[in-house]
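Here is the naming used below: chain letters follow the sequence lines, and residue numbers restart at 1 for every chain. No experiment lies behind these values; they were computed from the predicted model shown.
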Amino acid sequence: MNMMASGLVPLNLTVNGAPVGRMVAPRTTLADFLRTELELTATHVGCEMGACGACLVLLDGAPVHSCLVFAVQLEGAQVETVEGLVARGAIAGLQSAFHERNALQCGFCTPGMLVNAHALLERGGVPDRAEIRDALSGNYCRCTGYEAIVDAIEAAARAAQGSGR
Amino acid sequence: MNAPAAFDRPRHTADAPAPGVHVGRPLPRPNAKRLLAGRGAYVTDLKLPRMLHAAFLRSPFAHARITRIDVEAARAAPGVALVATGEDLARLCAPWVGTLDHFKGMKSPPQMPLPLDRVTWCGQAVVAIVAESRAAAEDAAELVEVDYEELPVLADLDTALAADAPRIAPDFSDNICFRSVVETGDVDAVFASAAHVVDAQMTFGRHTGVTLEPRALIADYDASEHSLTVHHGTQTPFQFQDLYARHYGIPESRVRVIAPDVGGSFGVKLHVYNEDMAVIGLSMLAGRPVKFVADRLEAFVSDIHARDHRVKARAALDADGRLLAIQAEDETGIGSFSTYPRTSAVEGNQVIRLIGAPYRMEAYRGDLKVVFQNKTQTSQYRAVGHPIACAVTEHLMDRAAARIGLDPFAIRARNLIPDDAYPCESATGYKFEKLSHEGCLAKLRTLMDYDRLRADQAALRPRGIHRGIGIAAFVEITNPSPAFYGIGGARISAQDGAVVKITPSGEVRCLISVTEQGQGTETIIGQIVADYLGVSRDIVRVITGDTQVTPHGGATWACRGAGIGGETALQAAKKLKANVLAVASAILQARPEALDLVDGQVVDKAGGAVRISLAEVARITYFRSDTLPPGTDAQLTVAHHYAPRGYPFAFTNGVHGCHVEVDAETGLVKILKHFVVEDCGRVINPLLVEEQVRGGVVQGLGAAFFEECRYSDTGQLVNGSLADYLVPMSCEMPDIVIDHMETPTRDTELGAKGCGEAGTAAASAAALNAVNDALAPFDALLTQIPMTPARILRALGTF
Ligand code: FES
Ligand code: FES
């Protein structure tokens, strides 16, 4: 706020395909920047220490914990959040598989799960259940038993395979 | 005429189920689509105009006198709107005491939002700072100076119970919050003459809820109207409406609590927390909305913890392995005060009443001591008391089986209350309408392929692979009646309410007091309304979680959403259907009994010919009432309230099986598979029931293997972060196989009982038995959870 006024740093990056320019405090994490500055609240914060995976976003295409990255480190970077993935239809298959299988309860972990699952499926092929469980090893879910999430990701991978992706 | 807009229609209406068949179908949740689109609206995501943020300075000591607080520098810090101490808030807020009248002799110190002169646990909030941003508030918190004089710490049960222990409150004669004894039959005589007696001393660690979304609320007090709006991540909005009104002296009708999307709850989010209560006062002082979101560290030190029991128990059996009696003493540490308004005594009370619940026996004695300590409070968390009672009972059953030379299935089959013995009463006085233990046990045996697992176990032993199988039967308390809290003077509703209406377009809105935290409340209520009203699910919109909009009710706790909320919706839907048919009969000049409502069409009951659409009935009622015959009572909105009568609880029952592999060198356990057969009466949506049960199992397995709040001798929580406190992750969790029995309760037309605690109730008991089964050849025995690798190695004598 005004206390930091003198310490703000200019930042220009691309978020969900659109250019964004802001003045930010150096201590602002990417998670806070997205949530409070850009009101992209699908990115959730559950631990602020890289343990829960609720805050995963894509940074230049790779999943990163947005709670562990400072916004000012991202000059010129490409960030994509769940809002962006949804808007361009990139995770429609995952969304419908999660819905069909009820692979979410409260849904607070879900955006992080979707980002991670999307990155996994981008590698191509149908990962086996152990691979999926392993890929999710940084995503905490308190509500489900994980099994439905694994089922949904497996189903989405198969569907993508079937549709010739 | 314009057709009604199809906002909520799913895209593939072709394969949507026909009306009248929604209940019992595995339908996905319509509201999950919004969460999957990143459009959840959790309190953490909300922002109000001119909103301020609160942070709290917390006590570094578990027990200390506050000798001086200096907040001047913090008040002057940039962005700070106000700094409040205990005294500032005590002027606004009446103190509270966490006792219930029907727990005779129960005591607890009064509580204030912030302490006046003494802190009683490490992490207790002491000073509140309200600023333009959370960061600014935290910066200013560092400028607050508090001087403390350390006092002796009650860090464990023995210290607290010692005769010369310092008292948790100066005017208390001891550190016991509540004591209770349940006794049936001549326990001592039965033990004296029994062929076999087995005993156990068991320890259950403290763990905590770890909802992924931490506690969060935004209080918005408006002095111009003397009204308060609170956006609150809670499962029980009406309870908080009442509490905020009474403790802050605001008329109840002017307090609105809105619980939108809630990121996990499990009982954590229905207790009164000091900070949450403080935030109401902070908004009054600031005259602006104030938001507080606990960070993860704050969640660990201030959310309720659960369990923390030490149980000494023994069982008496005859020569054939028939259970004769159980005797148990439970000592449980609850922290420095009992929670409000549900108290911290309910868990222990349920432990001594649920021990032995699935089995027949002639004598029982349970003795409970609820003990204060200088720690975070413990209270009701998913499956209150059940996991402790179940682990004690099922551990004793396995010990007895081993002593007598019976298979774990055989000893249970011999002792479970037979399926034809109902109605009957447990040794502790619970009245059972009808349970299905024998049926569940038989199903589990097949589901697990038990004989094959035993054969594999024997074949793998010589190769140094140690697998174990654990069985645990349970009884789960659901659908609580007013006899649960109401009788003790707590203003916690056991009834629920629903308002169901036909909209002018012929769609349906259902406002209901039970709330949604992801378990699927809105979905099942929609299924029930659709079926009993006679419309398709996709035109029913269910609205929950707003005290200004929905009728008053208990909401979601103790597994009452389906059983009580569902019945409420059902009866409301039936009432509304009768009204619709009455109006239609006036329009059609027909007898209402000759009509029916099917798939949104009024039809002839005989033959099914369509007479008029629901949308047309609605159009005429709302816009052309002049065309209705005189005297037509056109009520297309109905309200219905329902509270359980008959049995005080509807009990769900079931049995778990756990299959593990223990590495005797490292103490690491691989959970190979977990099996559950449960009977929650009428299953409204198997997809949701099964996911609830799976989620519950994982929380039980977390308690069994990973989760523990560890304290130092000085009462410091030493593992308050998600890096140090282990939670179950996908790699450690097994696939969980579920099957059902269905014994509907006859107390309601719907017949549903709860299922939310069924997973947690017995998972850790089954896991404990499985690990002990795996370690049987080593003569090692675990009686403590979590079963960490170090504890397993200690049991093996190698560490
Ligand atoms: S908030 Fe970033 S990993 Fe938990
Ligand atoms: S659905 Fe609630 S944390 Fe995963």
Is any NZ, NE, NH1 or NH2 atom of the basic residue among A/E83 and B/R39 found under 4.0 Å from an Asp or Glu carboxylate oxygen of the other? no
Between [atom1] on residue [X] and [atom2] on residue [Y], distance to nearest 0.5 Å:
| X | Y | atom1 | atom2 | answer |
| --- | --- | --- | --- | --- |
| B/R694 | A/N102 | CZ | CG | 10.5 Å |
| B/L36 | A/L94 | CG | CG | 9.5 Å |
| B/S730 | A/N139 | OG | CG | 7.5 Å |
| A/L136 | B/C731 | CG | SG | 8.0 Å |

For [X] and [Y], work out which heavy atoms get closest and say how close.
| X | Y | result |
| --- | --- | --- |
| A/A42 | B/G38 | CB-O, 3.5 Å |
| B/F266 | A/C143 | CZ-SG, 3.7 Å |
| B/M729 | A/A51 | CE-O, 4.3 Å |
| B/D735 | A/R129 | OD1-NH2, 3.3 Å |
| A/R142 | B/Q699 | O-NE2, 3.1 Å |
| B/D45 | A/R35 | OD1-NH1, 2.8 Å |

Do other residues, nucleotides or ligands put more than 12 heavy atoms under 6.0 Å from A/F70 CZ?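 Not buried by this count: 12 neighbours or fewer within 6.0 Å.
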Go through the atoms of [X] and report whether side chain, backbone, both or neither lie under 4.5 Å from a heavy atom of chain A.
| X | result |
| --- | --- |
| B/V210 | both |
| B/L701 | neither |
| B/P728 | both |

Contact winner vs chain A - [options], heavy-atom pairs under 4.5 Å:
| options | answer |
| --- | --- |
| B/L212, B/L35, B/V727, B/L722 | B/L212 |
| B/L46, B/V697, B/T44, B/D295 | B/T44 |
| B/Q517, B/E690, B/M733 | B/M733 |

Check each atom of [X] against the heavy atoms of chain B and say whether the ones under 4.5 Å are side chain, backbone, both or neither.
| X | answer |
| --- | --- |
| A/D32 | neither |
| A/L104 | both |
| A/H99 | both |
| A/T110 | side chain |
| A/S96 | neither |
| A/E48 | side chain |

Sub-4.5 Å side-chain heavy-atom contact between [X] and [Y]:
| X | Y | result |
| --- | --- | --- |
| B/K47 | A/E39 | yes |
| A/Q105 | B/E691 | yes |
| B/E213 | A/C106 | no |

Are any side-chain N or O atoms of A/Y146 and backbone N or O atoms of B/V698, one a donor and one an acceptor, separated by less than 3.5 Å? no
Is there a donor-acceptor pair under 3.5 Å between the side chain of A/R101 and the backbone N or O of B/P28? no
B/E732/A/R133 under salt bridge (Lys or Arg N to Asp or Glu O under 4.0 Å): CA gap, chis, key distance, verdict: CA-CA 9 Å; B/E732 294 109 18; A/R133 283 193 183 273; over 6 Å; no
